[in-house]
S.K.: 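Here it is, the structure, as C-alpha cells.
In this chain, numbering begins with 1 at the start of the sequence shown. Read the numbers this way: they start at 1 and go in the same order the structure lists the ligands and their atoms. Below, each value reflects all heavy atoms present in this structure, side chains not excepted, and no hydrogens, waters or symmetry copies.
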Amino acid sequence: MFDSGSSVASALEAAGASLADAQRQPNGVDLTVDAVFEGTSRGRIGREGKRVADRRELEPEGGDYRLNPGTYVVRYGEPVRIPEGRIGFVLPRSTLLRNACTLDTAVWDAGYEGIGEGRLDVGNPIDIESGARIAQLVLARADHDGTYDGDYQSEGL
Ligand SMILES: O=c1ccn([C@H]2C[C@H](O)[C@@H](COP(=O)(O)OP(=O)(O)OP(=O)(O)O)O2)c(=O)[nH]1
C-alpha cells in the first residue's frame with residue numbers, strides 16, 4: 001500500500017522541504033535537480049568499506065544543464081525524511097524517459113534523512129533547467145528492522 005501524494009508531501013515538509021504546488025502529485029512528490037556531477041576518479045566498493053569517486057560539479061549555462069549522452073550523478077533539491085513504517089522509491093519523471101534519459105535509484109530506508117543523490121543516464125542530448133522537476137518520490141508501507149544508520153545519514157543537511 002502506497003501513501004497518497006499529500007502524505008508524502010507532509011513527510012518532506014516535516015524534513016524541511018518547501019514544496020511548490022507543481023511538485024505535489026497524486027501518488028507522490030516530484031523532486032528537483034539541485035546539482036549535476038561528473039565523476040573524475042575511480043570509486044571503490046570493498047567487502048568492508050567503500051569510496052565514492054571524486055566528482056566535478058557542472059555549471060548550468062543560461063540556467064540549463066546542457067547534457068550530452070553519458071552518465072552523471074544528480075543531487076536532488078529537497079531534504080527527505082523517510083518515516084518509520086515506510087520505504088521510499090524514487091522514479092524518473094516520464095518526460096526523462098520520453099527523452100531517452102533516466103534515473104537509476106536505490107532503496108530509501110526508513111529513518112533516512114538527508115538530501116539524496118541518484119544516477120542520471122542521458123541517452124540523447126537534453127537541457128535540464130537547474131531546479132526543474134526530474135523525479136518522483138513515493139512512500140510505501142513496510143515492515144523494517146531498525147532504522148537507517150549508514151554513512152549517508154544526514155547527508156547534505
Ligand atoms: O537512489 C538513492 C537511494 C537511496 N538514497 C539514500 C537513502 C538511503 O537510505 C541511503 C543509503 O542507501 P543505501 O543503504 O543503498 O547505501 P549503501 O551504499 O548501502 O551505504 P550505507 O551502508 O552506508 O548505507 O541513501 C539516495 O540518496 N539515492
Side-chain angles (χ1 to χ4, degrees), residues 1-5 7-19 23-25 27-58 65 67 69-123 126 128 130-157:
M1 179 72 172
F2 284 80
D3 287 348
S4 66
S7 294
V8 179
S10 297
L12 289 191
E13 285 168 335
S18 61
L19 302 176
Q23 290 178 260
R24 300 168 193 273
Q25 301 295 327
N27 295 94
V29 167
D30 284 348
L31 300 182
T32 63
V33 57
D34 177 55
V36 181
F37 304 93
E38 261 178 348
T40 59
S41 73
R42 184 179 292 265
R44 183 170 192 272
I45 294 183
R47 284 186 283 183
E48 287 182 30
K50 57 189 178 292
R51 183 181 67 243
V52 176
D54 296 329
R55 71 261 296 259
R56 178 176 78 87
E57 184 170 349
L58 303 187
Y65 295 104
L67 303 176
T71 301
Y72 304 85
V73 173
V74 290
R75 183 176 65 220
Y76 302 110
E78 292 71 28
V80 166
R81 182 188 296 149
I82 308 299
E84 294 195 23
R86 298 292 186 275
I87 184 173
F89 301 105
V90 168
L91 301 166
R93 260 185 92 176
S94 86
T95 303
L96 273 184
L97 304 178
R98 296 167 204 265
N99 279 296
C101 302
T102 194
L103 282 168
D104 294 318
T105 65
V107 166
W108 295 65
D109 301 276
Y112 166 85
E113 189 173 4
I115 298 179
E117 299 182 347
R119 167 182 155 151
L120 173 63
D121 286 323
V122 173
I126 187 170
I128 300 179
S130 175
R133 294 176 292 118
I134 58 166
Q136 183 170 177
L137 170 70
V138 297
L139 294 176
R141 287 185 198 169
D143 292 339
H144 51 89
D145 300 315
T147 54
Y148 182 69
D149 189 26
D151 289 341
Y152 303 112
Q153 183 65 306
S154 302
E155 62 181 328
L157 298 179

S.K.: Quick one: which of Thr105, Val90, Leu91 gives a side-chain contact (heavy atoms from CB on, under 4.5 Å) with Leu137?
M.R.: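 Only one option passes, and that is Val90.
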S.K.: Any side-chain heavy-atom pair from Val80 and Trp108 closer than 4.5 angstrom?
M.R.: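 Yes - at least one pair of side-chain heavy atoms lies under 4.5 Å apart.
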S.K.: Minimum heavy-atom separation for Leu58 to Tyr65, with atom names?
M.R.: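 Scanning both residues, the minimum pair turns out to be O-CE2, 3.4 Å.
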S.K.: Quickly, which of Thr102, Val74, Ile126, Val33 forms a side-chain contact (heavy atoms from CB on, under 4.5 Å) with Leu120? Name it, please.
M.R.: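 The single option meeting the side-chain contact (heavy atoms from CB on, under 4.5 Å) with Leu120 is Val74.
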S.K.: How far apart are the closest heavy atoms of Ile134 and Leu96, and which atoms are they?
M.R.: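 Closest heavy-atom pair between Ile134 and Leu96: O-CD1, 3.5 Å.
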S.K.: Do the non-hydrogen side-chain atoms of Gln23 and Thr32 ever get within less than 4.5 Å of each other?
M.R.: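 Side-chain contact under 4.5 Å: yes.
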S.K.: Measure from every N or O atom of ligand 1 to the protein's N or O atoms and keep only the pairs below 3.5 Å, writing each with atom names and distance to 0.1 Å.
M.R.:
residue	atom	partner	partner atom	Å
ligand 1	1 (O)	Ala106	N	2.8
ligand 1	9 (O)	Asp109	N	3.1
ligand 1	9 (O)	Asp109	OD2	2.6
ligand 1	14 (O)	Asp109	OD2	3.4
ligand 1	23 (O)	Lys50	NZ	2.9
ligand 1	23 (O)	Asp151	N	2.9
ligand 1	24 (O)	Tyr148	OH	2.5
ligand 1	27 (O)	Glu117	N	3.0
ligand 1	27 (O)	Glu117	O	3.3
ligand 1	28 (N)	Glu117	O	2.6

